[in-house]
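Residue numbers start at 1 and run along the sequence shown.
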Amino acid sequence: MKRLSIFPLLLWSAALFAQKDDQTKYAEIIQVSELQKHLSIIASDEMEGRETGTAGQRKAAEYIQQFFKSIGLQSSKPLKGYQQMYPLYKDSLTSSKLMAGKKVAVYGTDYTSPVNTNDNGKFSSSETVFVGYGIEDKLYNDYAGLKVKGKVIVLMAGEPKKDGKFLISGAARGSEWSSLNKKLELAAAKGAKGVLLITPATSSFNQRVSDASKITNVYYPRPGAAKKLSYAMVSHDFAKNILGNNTDALIAKAKNNESFATADYSTQKLKVSYTQKENRTTTMASNVLGLIEGSDKKDEYVFITAHYDHIGTRNGIVNNGADDDGSGTVAVMQIGEAFAKAKAEGKGPRRTVVIMTVSGEEKGLWGSEYYSDHPVYPLDKTTVDLNIDMIGRVDTERMKDDTLNYVYVVGH
């Protein structure tokens, strides 16, 4: 992520000090040698790439916390410390069973059931309904005339095309109906019990796909997320136990992105049952906060932030993340030190300044989202957040030695 260069931020920071003559004095606390010292630790192999939810990320959080303490930044009273902890989940499959009539499906051969989209799911029905792609749109409707409430539905991945373009979007790119989640939400709204998914391009499953479906990476549990309908992905051969002799023709249509006709939809008197159980483990990640209390406007808050996480290790190689965003992390640490020194000498800011390093940015802004949902200080009293990311950004059009004398500024 590229947000803001350190240089305009330092000028802004200096302007907050009480007297103009003090600007240079406190700005000079921020030294290249100190930035390098902290960066050599934050981006060291010992931090293991600082991937969120790992020991490396927790080591980095502890280092930042100890630094905040050492320079005199206050901890947060609501948190009773410097770290705002938030949970991450990791799920693994413990058992799964799918039956169609008297046929017991074999996991990894006949079906897979992705643990990241099913949550201790189960469904059962004595009837199954083939609903084509499972789309309901003004331009194309698979559900017209079909009754699916209380039944298991069978649907195809994908969506129809016409004259080489997707029918609904009218473009080379698919519509929102290319999303399985969209189809599952619709099926749930119509009262279906569960979903069996056929992927036209995937006739069977290999060991890698089977193994990957049984465990998730760590993920951020967003509160209030709609519970999705459970589903299992079935092989083409197993689908024949449900759709019968017409299976190959239906799959061929979907492979060619053809529209389904009224004669293609069907309801079978066939009992289908599915159960899945998972085990969930919780690990904790954190944002690290330190503050310099303001004077006459101390109940208003100015945030200076950077993300201290990175992407961890890949194939045994540590991704150190010195630029992204070790550079921003050590910058806000040093800015905090400058403000703390000014405060100690009676030259502190009017508003309370919060120095916050967040985790989970590389995963999808998890730490920032958690803070927004669980603010330590009132959001309506938070004046601004200035975020620093990747100070050492290089302009790809200025790669020659004689053209490197520039400042790369990105405002977002």
Side-chain angles (χ1 to χ4, degrees), residues 95-114 117-137 140-160 177 180-205 213 227-256 258-277:
S95 66
S96 180
K97 184 177 181 180
L98 174 65
M99 291 187 67
K102 295 182 179 180
K103 177 72 173 178
V104 179
V106 177
Y107 197 96
T109 300
D110 297 322
Y111 80 108
T112 63
S113 186
T117 52
N118 293 310
D119 187 5
N120 291 324
K122 64 179 180 178
F123 56 77
S124 179
S125 174
S126 59
E127 289 185 293
T128 59
V129 184
F130 176 68
V131 297
Y133 297 106
I135 294 172
E136 184 177 62
D137 189 89
Y140 179 84
N141 186 2
D142 283 309
Y143 282 97
L146 296 179
K147 296 179 180 180
V148 300
K149 186 175 181 179
K151 302 172 185 178
V152 172
I153 64 171
V154 184
L155 61 82
M156 295 283 183
E159 58 177 312
W177 290 104
L180 175 60
N181 286 340
K182 176 80 172 175
K183 297 179 181 183
L184 294 176
E185 289 169 4
L186 175 62
K190 288 185 170 294
K193 283 287 190 71
V195 173
L196 299 179
L197 172 69
I198 301 172
T199 303
T202 305
S203 61
S204 59
F205 312 105
S213 70
K227 188 174 177 63
K228 296 183 177 68
L229 209 58
S230 293
Y231 78 95
M233 186 185 304
V234 297
S235 70
H236 292 186
D237 282 344
F238 190 79
K240 294 175 182 178
N241 294 288
I242 304 162
L243 300 179
N245 296 331
N246 203 30
T247 303
D248 289 338
L250 295 174
I251 292 174
K253 271 196 168 185
K255 272 187 177 180
N256 294 323
E258 297 176 30
S259 297
F260 287 104
T262 302
D264 294 323
Y265 306 109
S266 61
T267 300
Q268 293 83 28
K269 291 283 186 181
L270 177 72
K271 183 175 181 179
V272 172
S273 62
Y274 160 90
T275 58
Q276 176 170 301
K277 293 183 179 180

With S259, which residues qualify under side-chain contact (heavy atoms from CB on, under 4.5 Å), at least two apart? Y140, P160, L167
With D237, which residues qualify under salt bridge (Lys or Arg N to Asp or Glu O under 4.0 Å), at least two apart? K240
Show every salt bridge (Lys or Arg N to Asp or Glu O under 4.0 Å) that has at least one partner inside residues 187-202, sequence neighbours left out. E136-K190
Side-chain atoms of residues 97-104: list all donor-acceptor pairs with protein atoms under 3.5 Å, sequence neighbours left out, distances to 0.1 Å.
none

How far does NE2 of H236 sit from CG of D110, to the nearest 0.5 angstrom? 13.0 Å
Hits for ring-ring contact (aromatic ring centres under 6.0 Å, His included) against Y143, two or more places apart or cross-chain, chain-then-number order -> none
Any pair counted as side-chain hydrogen bond (donor to acceptor under 3.5 Å, both in side chains), so long as it reaches residues 147-160, sequence neighbours left out: E159-S175, E159-S178
Under the salt bridge (Lys or Arg N to Asp or Glu O under 4.0 Å) rule, collect the residues that match up with K122, sequence neighbours excluded. none
Residues in salt bridge (Lys or Arg N to Asp or Glu O under 4.0 Å) with D264, at least two apart? K253
Residue set satisfying salt bridge (Lys or Arg N to Asp or Glu O under 4.0 Å) with K269, at least two apart, ordered chain then number -> E127
According to ring-ring contact (aromatic ring centres under 6.0 Å, His included), who are the partners of F260, at least two apart in sequence or on a separate chain? F130, Y133
When rounded to the nearest 0.5 angstrom, what is the spacing between CG in L155 and CG in L196? 8.5 Å
For S125 and G150, work out which heavy atoms get closest and say how close. OG-O, 3.2 Å
Could you check if a side-chain atom of V272 sits within less than 4.5 angstrom of a side-chain atom of F123, using non-hydrogen atoms only? yes
Distance check, rounded to the nearest 0.5 Å: N241 atom CG versus S235 atom OG? 8.5 Å
Verdict with supporting geometry, V129 and V154, side-chain contact (heavy atoms from CB on, under 4.5 Å): CA-CA 6 Å; V129 184; V154 184; over 6 Å; no
If you look at every heavy atom in I153 and A192, which pair is closest and at what distance? CG2-CB, 4.1 Å
Where P114 and Y231 come nearest, the two heavy atoms and their spacing: CG-OH, 3.4 Å
D142 side, atom CG; K183 side, atom NZ - distance, nearest 0.5 Å: 8.0 Å
The single option from L180, T202, V234 that satisfies side-chain contact (heavy atoms from CB on, under 4.5 Å) with L197 is L180
Less than 4.5 Å apart, side chain to side chain, heavy atoms only: is that true for V195 and V152? no
Where do S213 and F205 land on the side-chain contact (heavy atoms from CB on, under 4.5 Å) test, with the steps shown first? CA-CA 11 Å; S213 70; F205 312 105; over 6 Å; no
Within a strict 4.5 Å, meaning less than it, do heavy atoms of the I242 and L270 side chains meet? yes
Among all residues two or more places apart in sequence or in another chain, which pass the side chain to side chain donor-acceptor pair (under 3.5 Å) test with T112? none
Closest non-hydrogen atom pair, W177 against G134: CZ3-O, 3.9 Å
Contacts of Y111 meeting ring-ring contact (aromatic ring centres under 6.0 Å, His included) (sequence neighbours excluded), chain-then-number -> Y107
Consider side-chain hydrogen bond (donor to acceptor under 3.5 Å, both in side chains). Of S113, S95, S230, which one does Q276 pass it with? S113
Could you measure the distance from the CD1 atom of I135 to the CG atom of N141? Nearest 0.5 Å is fine. 9.5 Å
With a 4.5 Å limit on heavy-atom distance, are the side chains of V131 and L146 in contact? yes
